[in-house]
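Below is one structure, written out as structure tokens; comments come after it.
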Amino acid sequence: MKTSQYLLATLREDPSDAELASHRLMLRAGMIRMQASGLYTWLPTGLRVLRKVEQIVREEMNAVGAQEILMPMVQAAELWQESGRWQEYGDELLRMQDRHGRDFCLGPTHEEVITSMIRDEIRSYKQLPAVYYQVQGKFRDERRPRFGVMRAREFLMKDAYSFHASDECLDKTYQIMYQAYVKIFERLGLDYRAVIADTGSIGGSNSHEFHVLADSGEDAIAFSTESNYAANVEKAEALAPSDDAPVATQTMQTVSTPNARSIEAVCESLNVDASKVLKTLIVKGQQDGTLVAVCLRGDHQLNEIKIEKHPLVFAPLAMASDEDINRTIGAPAGFVGPVGLEVPIIVDRDSAILNDFVCGANQDNHHLTGVNWQRDASYTEIFDCRNIVEGDASPDGKGSLTIKRGIEVGHIFQLGTKYSKAMKANVLSENGKAVTLTMGCYGIGVSRIVAAAIEQNHDDYGITWPENIAPFQVAIVPMNMKRSPRVAEQAQALYQQLLQAGIEVLLDDRKERPGVMFADIELIGVPHRIVISERGIDAGTFEYKHRRSNDKVDIEMDNVFSTLMNKIG
RNA sequence: CGGAAUGUGGCGCAGCCUGGUAGCGCACUUGUUCGGGGUACAAGUGGUCGGAGGUUCAAAUCCUCUCAUUCCGACCA
């Protein structure tokens, strides 16, 4: 490709509304343009990268025997009503009607479609296990699209689904897919981790997420210092503390704490540490109109995912309104505590062993000090419902936890029979009886990987792609080509030679000054750069530089081609 | 969904308070210049100022409504 005929579309200035490095660089490097909130056009440079990621994913899926299919993006409501998700899915499901008034949606995922297809096509256990996948656009009407293609509404995803006659068979395929994912992320050249994950709205049992590590990641991941335990913070269990049963040493007292509504204000007002304060959150209960109190240590945070799983708590989690709290408890939010509280009280493991603690007095502008469980207050149940924090014991019993940020780029689930049961997808087993199919599902955010790769690979000049996903492999930058026939001739010759060898090469044949060309080539992140100049030709050399290196090396003209071929491998 | 901010050539912005000929930088076109790190000079192309309504002799500017985008929040007990 020659830059004179290519939509380079690089920008010298930063777009004003791009916050994240990858978003900014994708716009500046001419990879994407926004069409509407969360909707992007992929320009040639961006699409080249996207296709490369897609291709690697495809190759590894094919390598483990997954078969590629393509399902429709527009899906009939009937399928979603069968699985129950027409009601459950919520506002992220973009619904619409056709001219006959029939309901449809844009597919945010494809469990329903694949399950309906498979129940018709697969009749026997002999056809199992089977894995099907597609690389396709998904649409999720995100409440807040942001960060460019990182959290877009329309995005490219590889989704695979496996079908089995037994859980053992699913386990086996799950392991194979896990290994395929490992290969994919290795080939992409990204610093990633597989972590234990929650199954979220898709449902099911066993689950792992694949995260690209980056400080800008939206997820927090907990790692053990001593073992290979790694889990999403929303899933990581906070172990019960091993401390002895609490002993009361103080008597309970009511103290005035005017306007001390937050833990911070209470700590300051009473000069106590947040770890000695009991935080009482009031959430909506599972039974309509009921409230539930959740108690945590003041320095801990509620884990929404965990608490939603408690049978008394309404899912999705909803905080009680100030009016509800006032009406039911008789005290304003900020001064609520468990003493004399007449709603169910769920206490976190750590808060259950507090002694002599501070909590709200259920009375405006007052707190209690020296409070002790059993003597002064009772609770309904002890339940792990807090986020783990740095330094907590690792759930596998080995070492403690550290926390890093990650970008979720892959997620694999053992779905079990959640969809196949609802949609009556059966096969005949060996003994001639119908059994419900067991399913697994395996997603990769293809477009998100492009952004995540940039988050992890950029510097002041632009993107520093991993070799396998760079938009071009080699850039040829001729100095003063328009005036120097020798330079032009050499540049053309090398360009043709590389093209014929199947190398993706970009020849910058614009009538631009060197600085402009260097800046653009670095911005879009071409890994290998060859500079051809009069000076070099006189010395019989071309200059080579790798995008990630500061060193420029002069290479004998005759050896340039073979050197490049060696480096590209 | 709640809060805040911003919409002016392709991009980044000024002008608005105090109404009166729409401006700057980048990019783009042409010419000259420069020629190993976003060169310099000159001449140009391109905008009914997000949209609708209103006030006024006159609206980018004031008022009302609306649309869009971005950021923050959705943990306050």
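Here the structure is a predicted model, which is why all the values come from computation and not from measurement. Chain letters run A, B, ... following the sequence lines, proteins first, then strands; residues in each count from 1.
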| Whom does B:C1 pair with, Watson-Crick or G-U wobble, provided both distances fall under 3.5 Å? | B:G73
| Once you round it to whole Å, what is the distance between P of B:U39 and CZ of A:Phe518? | 13 Å
| task | For A:Ser16, report the nucleic acid contact type (base, sugar-phosphate, nothing); a contact means any heavy atom under 4.0 Å. | result | sugar-phosphate
| field | Pair partner, B:G7 [Watson-Crick or wobble, under 3.5 Å] | value | B:C67
| message | Within the 4.0 Å heavy-atom criterion, would you say A:Val531 contacts the bases, only the backbone, or no part of the nucleic acid? | response | base
| Atom pair distance, as rounded to whole Å: CG in A:Leu11 and C1' in B:G38 | 13 Å
| query | Once you round it to whole Å, what is the distance between P of B:A77 and CD1 of A:Ile263? | reply | 5 Å
| query | With both distances kept under 3.5 Å, what pairs with B:U29, Watson-Crick or G-U wobble? | reply | B:A43
| Side-chain donor or acceptor of A:Arg483 under 3.5 Å from a matching atom on the base of B:G35? | yes
| field | Distance, rounded to the nearest Å, where A:Gln35 contributes CD and B:U69 contributes P | value | 10 Å
| message | Measuring from the side chain of A:Arg144 (C-beta onward, heavy atoms only), which nucleotide among B:A77, B:C28, B:C71 has the closest atom? | response | B:C71
| request: Identify which nucleotide among B:C26, B:G36, B:A77 has an atom closest to any side-chain atom of A:Ser262, counting heavy atoms from C-beta outward. | output: B:A77
| What nucleic acid atoms does A:Met517 come within less than 4.0 Å of, heavy atoms only: base, sugar-phosphate, or nothing? | nothing
| request: Determine, for A:Glu504 against A:Arg48, whether the closest basic-nitrogen to carboxylate-oxygen distance falls under 4.0 angstrom. | output: yes
| task | Describe the nucleic acid contact of A:Val336 in one word from base, sugar-phosphate, nothing, applying a heavy-atom distance below 4.0 Å. | result | sugar-phosphate
| Nearest-Å distance once atom P is located in both B:G12 and B:A27 | 15 Å
| Any ion pair linking A:Glu234 and A:Lys306 (charged N to carboxylate O, less than 4.0 Å)? | no
| Using atom C1' of each nucleotide, how far apart are B:C57 and B:C41 to the nearest Å? | 45 Å
| Phosphate oxygens OP1/OP2 of B:A27: is one of them under 4.0 Å from a side-chain N or O of A:Arg12? | yes
| Distance, P atom - from B:U56 to B:U61, rounded to whole angstrom | 16 Å
| Can you tell if the side chain of A:Val358 reaches within under 4.5 Å of the side chain of A:Leu278, non-hydrogen atoms only? | no
| message | Just N and O in the side chain of A:Arg513: are any of them under 4.0 Å from OP1 or OP2 of B:U39? | response | yes
| said: So A:Arg386, base contact, sugar-phosphate only, or nothing? Heavy-atom distance under 4.0 Å. | reply: nothing
| query | Does A:Glu522 or A:Asn387 map to a spot on RNA chain B nearer the 5' end, using the closest nucleotide for each? | reply | A:Glu522
| What is the distance, rounded to the nearest whole Å, between atom CZ of A:Arg261 and atom C1' of B:A77? | 9 Å
| request: Starting from the 5' end of RNA chain B, give me the residue, A:Ser37 or A:Gln301, whose nearest nucleotide shows up first. | output: A:Ser37
| message | Quick check for you: among B:A77, B:G36, B:G25, whose closest atom lies nearest to any side-chain atom of A:Ala333? | response | B:A77
| query | For B:C24, which nucleotide in any strand shown is its Watson-Crick or wobble partner with both distances under 3.5 Å? | reply | B:G12
| query | So does A:Arg146 get a side-chain nitrogen or oxygen closer than 4.0 Å to the phosphate oxygens (OP1/OP2) of B:U69? | reply | no
| Salt bridge present between A:Arg486 and A:Glu534 (N-O < 4.0 angstrom) | yes
| query | Given the C1' atoms of B:C28 and B:G46, what is the spacing between them in whole Å? | reply | 9 Å
| For A:His367 and B:A77, what is the distance between atoms NE2 and P respectively, to the nearest whole Å? | 9 Å
| note | Among the nucleotides B:G38, B:C71, B:U69, whichever has the atom closest to the side chain of A:Ala519 is B:G38
| query | When all nucleic acid strands are considered with a 4.0 Å heavy-atom cut-off, which category describes A:Arg510: base, sugar-phosphate, or nothing? | reply | nothing
| request: Please work out if A:Arg33 contacts a base, only the sugar-phosphate, or nothing of the nucleic acid, heavy-atom cut-off 4.0 Å. | output: nothing
| query | Below 4.5 Å, heavy atoms only, C-beta onward: do A:Lys279 and A:Arg386 meet side chain to side chain? | reply | no
| request: Please state the C1' separation for the pair B:G7 and B:G50 - nearest whole angstrom. | output: 6 Å
| message | Considering every strand and a 4.0 Å limit on heavy-atom distances, what is the contact class for A:Asp14: base, sugar-phosphate, or nothing? | response | sugar-phosphate
| request: Quick one: do A:Asp509 and A:Thr3 satisfy side-chain hydrogen bond (donor to acceptor under 3.5 Å, both in side chains)? Show the steps, please. | output: CA-CA 6 Å; A:Asp509 61 342; A:Thr3 52; 3.2 Å; yes
| C1'-based separation of B:U32 from B:A59 [nearest Å] | 44 Å
| request: Using atom CE of A:Met34 as one end and atom C1' of B:C11 as the other, report the distance to the nearest whole Å. | output: 13 Å
| query | If the P atom of B:U48 is compared with that of B:G23, how far apart are they to the nearest Å? | reply | 14 Å
| query | What class does the angle between the rings of A:His310 and A:Phe383 fall in, given that below 30° is parallel, 30 to 60° is tilted and above 60° is perpendicular? | reply | perpendicular
| message | Nearest to the side chain of A:Glu543, heavy atoms from C-beta on, is which of B:G36, B:G38, B:G25? | response | B:G36
| query | Ion pair present between A:Glu237 and A:Arg349, side-chain N to carboxylate O less than 4.0 angstrom? | reply | yes
| field | Who pairs with B:A60 - Watson-Crick or G-U, where each distance is under 3.5 Å | value | none
| said: How many whole angstroms separate atom CD of A:Glu304 from atom P of B:G73? | reply: 14 Å
| message | Taking the C1' atom in each of B:G25 and B:A68, what is the distance between them to the nearest angstrom? | response | 26 Å
| message | Check A:Glu218 with A:Arg146, please: is the shortest side-chain N to carboxylate O separation under 4.0 Å? | response | yes
| task | Would you mind classifying the nucleic acid contact of A:Lys511 as base, sugar-phosphate or nothing, using non-hydrogen atoms under 4.0 angstrom? | result | base
